[in-house]
Amino acid sequence: MIWRWLVLVWLLSVGSAVADDSPHHLADLVRTLEQPNLDQWQQLTVSRERLTHQDFSIVLDSGAFHAFSTVSVGEQALVPGAIWRGSARVRFTPVLSVERDQLRRFVDSSVFVGDVTELVFYFDARIWSQLVTMGSLRRTPPPATLTRRLGDHLRHLSAASPYFAGEAAQALVQPTAERFLLVTGRIESGQRFVYLFDPSANEEVQFYLWSSVRDGRAGWEIVCRYSMFAAPNYFLINGVDRRQLRPLHVDLDARIDGSGRLVAETTIRAVVALEGARLLPFRLDPRFRIETISRPDATPVTWVDRTRDDNIDGLRQFYIATEPLTYGDTVAFTVVYRGDIGQRRFGALRGTTPSEWLPRYGYNDPITYDLTLTLPINQAVVGPNQPEVESVSNSRKRVRWAVDRPTSLVALMFGNYDLDQTQVKGSSIEMYTQPALRPDELESAWRVDEKLALADFSGAYEFFSATFGSLPLPSLTIAEFPGWHGVSLPGLLQIGSHSFYEVGPRGYARIFRAHEVAHQWWGTTVRPAGYRDEWLSEGMAEYAALLYLQAKEGDQIYYDWLTTYSRELLSMRARYSRDENPIPSVSLGYRAESSRSVGAYDLVVYRKGALILHMIRMLMTDYATGDDRLFFAMLRECFERYRDREISTRDFKWMVEKYIGLDMTWFFSQWVYGTEIPRLDTSSRTFPVDGRWGITIRIRQENVSASFRSWVPVAVDMHDGTTRWHLLHVDGDDVYYSLPTTAERPLRITINPNLAVLAQMAD
């Protein structure tokens with residue numbers, strides 16, 4: 001017992017890690033945590049204890065912790081983790097209903113529970129101190145088999161992702177009020193899991209399961225991820241900003257040869273946003289090999305690369321190790337790297353965007369740029385506005401962009417382009433096409449119509465300028481690349497070759513073109529605050545494209561597309577259903593796409609997002625006159641208020657409430673954060689009463705919770721061509737309404753016209 005007391009005193013005196021004057025040791029720390037060794041003398045026997053951390057708990061029936069060998073950080077030695085062997089039971093209960101819904105898709109329950117016999121822990125010193133108080137610490141070597149078992153667990157933990165060891169290292173060197181904990185193991189059913197509480201992340205609570213994630217491959221899949229501060233009403237659902245740096249400016253000097261090989265030197269300047277920051281995570285496409293990282297004065301900087309060849313994330317993650325940084329200071333790092341940015345397809349070469357080959361600390365950080373490229377003289381370079389040509393030789397030219405307006409993404413392309421352009425209210429629309437990129441098989445199915453494409457790009461730009469507000473762009477550049485998708489960046493649209501063909505079935509190509517133009521308003525000028533708000537970029541752009549289609553071709557095709565979107569959502573529910581409402585929440589953003597809901601991202605974020613906006617428009621419409629100007633006034637103020645800023649779902653909800661004059665918590669809880677889609681079983685009856693005609697409406701709401709609410713319009717068409725509108729509040733299973741009597745028998749009664757409520761209508 002004296003030994004146990006002395007160890008506990010030592011551990012408590014260690015506390016959290018302190019600054020290490022040698023960044024080289026920090027890089028060693030990351031490598032050590034990926035393959036730690038077991039301590040030969042520290043075994044902690046525990047029985048009938050419970051370890052609780054936020055919403056994750058472990059009941060330790062009987063067994064022992066075998067500690068990792070201590071890790072030195074500065075002058076202190078820490079126990080960074082341990083392997084448990086014995087009898088235990090784990091339980092994870094997400095606090096947010098949207099995350100419980102997501103968990104249910106993977107384990108058929110809103111709670112993850114299971115018996116385990118082995119668990120691997122990473123933790124900070126405070127958790128080890130807590131464990132020591134629970135059991136009996138003694139000096140005894142671990143069984144030889146346990147070392148092999150630990151290696152098996154760690155190899156599985158690091159497979160397909162370099163993330164976990166780096167996060168543990170950051171937690172050890174960056175003291176925080178909350179305690180870092182990572183637990184991984186396999187329950188009795190064979191399911192592997194990872195619970196991670198990372199106090200340096202915006203969303204501290206993270207839960208992973210091992211499953212098939214892509215093309216039949218297995219890997220760690222994010223099942224639940226949310227902030228410890230998120231309330232049941234979804235306040236602070238994005239968590240608290242925990243960035244260590246706020247990037248300010250990027251300088252690039254790069255050389256590109258004729259085959260697309262790049263050698264680049266990039267300097268990133270940033271302000272320190274967290275006192276004492278030590279390990280700084282950056283990302284880069286894994287095609288590039290980092291050669292050196294240094295300060296601008298050429299002083300080398302220690303760094304550690306965590307990329308794996310089978311990294312399913314498709315990103316190189318590396319950590320810059322540095323002395324403790326001071327809050328508010330400006331720091332700079334220069335990264336020298338090389339790789340291939342050219343992509344050959346259909347016999348043509350294209351350049352990828354700098355967002356793919358610039359080292360990035362964050363995604364939405366607005367930054368200014370100074371980009372200089374030296375490349376073959378025969379390569380035309382296209383970007384937002386035309387670059388400045390600094391020098392030209394017989395075979396090479398040097399071009400430069402200076403992006404003075406802070407933006408989260410910047411892009412340029414190179415290739416052999418044809419130029420066509422037009423003017424829209426003082427702005428130039430410049431379209432660069434590469435006919436050589438188009439596959440022959442497409443030409444046999446669709447007819448090329450570049451003039452129509454330019455008319456749509458310019459027409460959508462003009463329509464959105466009038467609908468949402470003007471952009472501060474002297475020009476909009478459209479550049480073709482060989483692909484089937486589009487990317488919208490400030491002042492530049494990268495458009496796949498298929499978009500330069502004719503409109504296509506039911507105006508598909510027209511929607512696609514308008515969608516990418518709309519991102520100049522929603523996505524680049526007004527940016528989503530986080531991935532949970534992506535629908536305010538993608539859903540808004542999709543709905544804007546439908547508005548453009550409605551303006552060009554009329555109401556019928558607009559409602560046809562909305563009907564198609566609703567049918568696709570309902571079809572997905574039937575296809576993947578293990579309950580009545582398997583469609584993921586819009587607020588999951590990219591996480592809506594998973595091995596349990598393939599194709600859900602497009603259906604939920606794009607299509608359901610557009611349907612949500614349509615429902616808001618219907619709620620703001622005066623049915624008697626068809627006046628929907630209130631809705632568009634709201635969008636214009638929303639764009640102006642959040643211009644060059646981030647917008648969250650909560651911000652947008654506030655804007656809707658301002659214009660509609662009602663508390664819209666019920667609406668956003670149901671449609672953005674919720675997963676339910678009602679089935680409406682409706683009927684109407686007309687009957688004579690006192691020389692007039694009475695009307696009764698019955699609406700039965702099915703497949704939703706008892707608290708689900710809808711405002712369902714009813715159109716009563718009369719023989720004289722007039723229509724009487726009624727808006728019925730449905731908040732129960734079976735609701736009956738008596739409408740005002742009419743002098744003549746109605747010609748037709750339509751319940752929920754114009755898809756005012758997203759619902760499955762009973763036959």
Side-chain angles (χ1 to χ4, degrees), residues 23-24 26-31 33-34 158 161-171 173-174 198 200-202 241-254 262-274 276-296 299-309 311-325 329-339 341 352-371 406-410 531:
H24 174 72
L26 297 182
D28 290 340
L29 171 64
V30 180
R31 300 185 183 99
L33 288 179
E34 186 176 35
S158 62
S161 178
Y163 178 70
F164 300 119
E167 292 303 293
Q170 285 188 83
V173 302
Q174 184 62 56
D198 180 7
S200 68
N202 291 9
D241 190 350
R242 302 290 184 80
R243 285 176 292 185
Q244 296 173 284
L245 297 178
R246 295 189 182 277
L248 302 174
H249 183 76
V250 167
D251 283 301
L252 168 76
D253 193 341
L262 170 142
V263 178
E265 179 178 297
T266 298
T267 298
I268 305 160
R269 186 161 53 88
V271 63
V272 180
L274 180 67
R278 304 295 319 277
L279 279 172
L280 309 173
F282 285 82
R283 288 183 171 183
L284 181 65
D285 192 292
R287 292 175 295 170
F288 302 105
R289 178 169 59 87
I290 300 173
E291 296 186 344
T292 62
I293 302 179
S294 62
R295 297 284 193 168
T299 303
V301 173
T302 302
W303 58 281
V304 58
D305 193 341
R306 309 308 310 145
T307 302
R308 294 288 178 267
D309 291 339
N311 178 17
I312 62 171
D313 296 328
L315 287 171
R316 173 183 300 275
Q317 184 157 324
F318 62 95
Y319 293 86
I320 293 177
T322 182
E323 70 284 350
L325 301 177
D329 281 359
T330 298
V331 295
F333 303 98
T334 299
V335 185
V336 177
Y337 53 99
R338 66 178 63 233
I341 70 168
T352 57
T353 70
S355 59
E356 297 175 44
W357 43 267
L358 282 176
R360 297 187 68 84
Y361 174 77
Y363 178 73
N364 268 338
D365 299 313
I367 312 171
T368 57
Y369 295 86
D370 198 325
L371 308 179
T407 181
S408 58
L409 291 172
V410 66
Y531 76 88

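Just so it is clear, the structure is predicted and the values come from calculations on it, not from any experiment. In this chain, residues are counted from 1 in sequence order.
Residues T330 and H249 form no side-chain contact, since every pair of their non-hydrogen atoms from C-beta on lies 4.5 Å or further apart. R31 places none of its side-chain heavy atoms less than 4.5 Å from the side chain of E34.
Considering every non-hydrogen atom in both A264 and A254, the closest pair reads CB-CB, 3.9 Å. When all heavy atoms of I367 and P247 are compared, the closest pair comes out as CD1-CB, 3.8 Å. Smallest separation of non-hydrogen atoms from R360 and Y369: NH1-OH, 3.8 Å. Closest approach of L279 and A169 over heavy atoms only: CD1-CB, 3.7 Å. Listed here is the closest heavy atom pair of F318 and P359: CZ-CB, 4.3 Å. Counting all heavy atoms, side chain and backbone alike, E291 lies closest to W303 at O-CZ2, 4.4 Å.
Distance check: I293 CD1 to T322 OG1 gives 11.0 Å after rounding to the nearest 0.5 Å. Annotation: the span from L280 atom CG to L245 atom CG amounts to 5.0 Å, rounded to 0.5 Å. Atoms CG and CZ, from L358 and F282 in turn, are 12.0 Å apart once rounded to the nearest 0.5 Å.
Residues passing the side chain to side chain donor-acceptor pair (under 3.5 Å) test with T266, sequence neighbours excluded: Y337. R246 meets the side chain to side chain donor-acceptor pair (under 3.5 Å) test with D241; sequence neighbours excluded. When the side chain to side chain contact (heavy atoms under 4.5 Å, CB included) test is applied to L274, the partners found at least two apart in sequence or on another chain are Q174, Q244.
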When you look at Y361 and I268, which way does the side chain to side chain contact (heavy atoms under 4.5 Å, CB included) test go after all the steps?
-> CA-CA 9 Å; Y361 174 77; I268 305 160; 6.0 Å; no
Does the side chain to side chain contact (heavy atoms under 4.5 Å, CB included) test come out yes or no for L284 and V335, once each step is laid out?
-> CA-CA 11 Å; L284 181 65; V335 185; 5.5 Å; no
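Test L29, I320, V173 against R278 for side chain to side chain contact (heavy atoms under 4.5 Å, CB included) and you get one pass: V173. Of the candidates D251, D253, T267, T299, T267 is the only one forming a side-chain hydrogen bond (donor to acceptor under 3.5 Å, both in side chains) with T334.
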